[in-house]
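Report on one structure; see the data block that follows.
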Amino acid sequence: QVQLVESGGGSVQPGGALRLACATSGITFRFYKMNWFRQAPGKQRELVATITADGKTHYLDDVRGRFTIPRDNNEKTMSLPMNALRPSDTAIYYCNAILEDRQHWGQGTQVTVSS
């Protein structure tokens, strides 16, 4: 069975930090392009960050310099360390894995940034 499980969400004040994690099973992780998406209330889902199988990273302009997207092929996990969080970062964050015509999603984890 394929499973992607996010963790690390929560509520923080502006300027705070959180580290999200995505644990995977049932996939040949090292071959997959891994992504973090987020969706805020009333907004379209947007791609936050990507890390390819060979380690190339891409970031949404609004998060570049504040978030990173490391992957660990031995542990079959990826993370999203986030700092300098803003209220506009508030969203449900989803782990996503893509290989060819295969795509898998986690259930999401809520991040809330507010005073």
Side-chain angles (χ1 to χ4, degrees):
Q1 294 293 117
V2 174
Q3 284 195 313
L4 278 66
V5 180
E6 301 95 337
S7 62
S11 183
V12 297
Q13 295 184 189
L18 286 171
R19 179 183 178 272
L20 306 185
C22 175
T24 74
S25 60
I27 64 171
T28 307
F29 179 85
R30 70 184 187 276
F31 294 146
Y32 275 75
K33 178 181 179 181
M34 301 297 300
N35 309 283
W36 285 101
F37 286 84
R38 69 186 183 188
Q39 188 163 26
K43 302 293 185 181
Q44 293 184 338
R45 185 180 64 197
E46 63 184 351
L47 178 63
V48 176
T50 291
I51 183 164
T52 66
D54 63 353
K56 295 179 181 177
T57 59
H58 305 272
Y59 297 95
L60 181 68
D61 285 347
D62 285 349
V63 312
R64 187 175 295 108
R66 300 188 298 121
F67 299 4
T68 60
I69 185 169
R71 69 187 292 158
D72 186 330
N73 286 343
N74 292 325
E75 297 296 327
K76 301 179 67 173
T77 61
M78 70 159 183
S79 300
L80 189 71
M82 307 180 291
N83 59 42
L85 284 162
R86 305 165 181 167
S88 58
D89 294 320
T90 296
I92 301 174
Y93 285 71
Y94 297 93
C95 178
N96 169 263
I98 297 174
L99 176 62
E100 302 288 347
D101 62 338
R102 304 179 187 183
Q103 183 168 216
H104 307 288
W105 292 89
Q107 293 296 305
T109 186
Q110 177 72 48
V111 171
T112 302
V113 185
S114 67
S115 300

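Below, all heavy atoms of this structure are taken into account, side chains as well, without hydrogens, waters or symmetry copies.
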message: Could you check whether any side-chain heavy atom of His104 comes within less than 4.5 Å of a side-chain heavy atom of Thr24, counting everything from C-beta outward?
response: no

query: Hey, quick one: are Leu18 and Phe37 part of the same hydrophobic cluster, counting side-chain heavy atoms closer than 4.5 Å, chains of contacts allowed?
result: no

- request: Kindly give the heavy-atom pair with the smallest separation between Leu60 and Leu47, and that separation in Å.
  value: CB-O, 3.6 Å

- request: Calculate, to the nearest 0.5 Å, the distance between atoms CG and OG1 belonging to Leu99 and Thr28 respectively.
  value: 8.0 Å

message: Quick check: closest heavy atoms across Ala49 and Leu80, and the distance to 0.1 Å?
response: CB-CD1, 4.4 Å

message: Nearest 0.5 angstrom please: Asn73 CG to Tyr32 OH, how far?
response: 13.0 Å

message: Has Gln107 got a side-chain atom pairing as donor or acceptor with Glu6's backbone, closer than 3.5 angstrom?
response: no

message: Does the plane of the ring in Trp105 sit parallel, tilted or perpendicular to the ring in Tyr94? Use 30° and 60° as the thresholds.
response: perpendicular

Non-hydrogen atoms of Ser79 and Trp36 that approach each other most closely: O-NE1, 3.1 Å

- prompt: Is there a side-chain contact between Gln13 and Leu85 (heavy atoms, below 4.5 Å)?
  reply: no

- prompt: Heavy atoms, side chains only, cut-off 4.5 Å: are Val111 and Met82 in contact?
  reply: yes

field: Exercise: identify the closest heavy-atom pair between Ile69 and Thr50
entry: CG2-O, 3.6 Å

field: For the student: nearest non-hydrogen atoms of Ala40 and Ala91, plus distance
entry: N-CB, 3.8 Å

message: Do Ser25 and Lys76 make a side-chain contact, defined as non-hydrogen atoms from C-beta onward lying under 4.5 Å apart?
response: no

- request: Could you tell me whether Arg71 sits above the aromatic face of Phe29, with NZ or CZ closer than 6.0 angstrom to the six-membered ring centre and within 45 degrees of the axis?
  value: yes

- prompt: Is Arg64 positioned over the aromatic face of Tyr59, cation under 6.0 angstrom from the ring centre and no more than 45 degrees off axis?
  reply: no

query: So with a 6.0 Å cut-off around CD of Glu75, is the heavy-atom count from everything else above 12?
result: no

- request: Supply the atom-to-atom distance Met34 CE to Thr57 OG1, rounded to the nearest 0.5 angstrom.
  value: 14.5 Å

- request: State, with a plain yes or no, whether a side-chain heavy atom of Phe67 is found less than 4.5 Å away from one of Pro81.
  value: no

Nearest-0.5 Å distance that lies between atom OG1 in Thr77 and atom CG in Leu4: 11.0 Å

Joint cluster assignment, Val2 & Phe31, ILVMFWY side-chain distance < 4.5 Å: yes

query: Quick one: CG on Asp72 to CZ on Arg30, what's the gap to the nearest 0.5 Å?
result: 13.5 Å

message: Is it the case that the side chain of Thr109 and the backbone of Tyr93 share a donor-acceptor pair, with hydrogens and angles ignored and the cut-off at 3.5 Å?
response: no

- prompt: So, for Ile92 and Gly108, which heavy atoms are closest and what is the spacing to 0.1 Å?
  reply: CG2-CA, 3.9 Å

field: Heavy-atom side-chain contact between Asp89 and Arg38 under 4.5 Å
entry: yes

message: Quick one: does any side-chain atom of Arg66 pair with a main-chain N or O of Ala84 as donor and acceptor, under 3.5 Å?
response: yes

